[in-house]
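Since this is a predicted model, take the numbers as computed values, not measurements.
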Amino acid sequence: MGASVNSLTSSDYGLDSHVQLPLVPQKFGRLESEWALSGRTAHVQVKNMTKGGSPSVEDSSVEGWVSGSKVGSPTFFFVIKNNKEKTFYSPRGLARLLAIWKRTKCGKACQG
């Protein structure tokens, strides 16, 4: 709806995008040829697991996503398994996941 989406250069087995949001959302089906950007951004991470395993995400990546969310550029993380099961993590969900990993000190070993 008027967002500008740029693929990030360090893609790792999924879609990594940087989204710039419009100042005013465009009407569905009536997208203008030009629109002003708001200066607000978000990151979107999409992992498609076609072999049924859980995505491997480094603790440090999740820490970076949580930190970025705190300073104004939130990360939204989507996992799609076998094109059927879908899981979504909001910035708060990522922070909770990271807190669990730190509390249990298991990081990637707890994924799945």
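- Here the side chains of Lys86 and Val79 are not in contact, with every heavy-atom distance at 4.5 Å or above.
- Annotation: side chain of Phe78 is not in contact with side chain of Thr87 (no heavy-atom distance under 4.5 Å).
- Between the side chains of Ser73 and Thr41, at least one donor N or O lies within less than 3.5 Å of an accepting N or O.
- A distance of 12.0 Å separates CG of Leu94 from CD of Glu63, quoted to the nearest 0.5 Å.
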| Between Arg92 and Val66, is a side chain to side chain contact (heavy atoms under 4.5 Å, CB included) present by the stated rule, with each step listed? | CA-CA 8 Å; Arg92 286 183 182 165; Val66 170; over 6 Å; no
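- Transitive grouping of hydrophobic side chains (ILVMFWY, heavy atoms separated by less than 4.5 Å) brings Phe88 and Ile80 into a common cluster.
- Across every non-hydrogen atom of Ser69 and Pro74, the tightest pair is OG-CA, 3.2 Å.
- The minimum heavy-atom distance linking Phe76 with Ser90 is given by the pair CD2-CA, 4.2 Å.
- Looking at heavy atoms from C-beta onward, Trp65 lies out of side-chain contact with His43 at the 4.5 angstrom threshold.
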| request: Take Val62 and Trp101 through the side chain to side chain contact (heavy atoms under 4.5 Å, CB included) test and state the conclusion after the steps. | output: CA-CA 10 Å; Val62 178; Trp101 287 356; 3.8 Å; yes
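- Contact check for Asp16 versus Lys47: side-chain heavy atoms found under the 4.5 Å cut-off.
- Here the side chains of Phe77 and Val46 are not in contact, with every heavy-atom distance at 4.5 Å or above.
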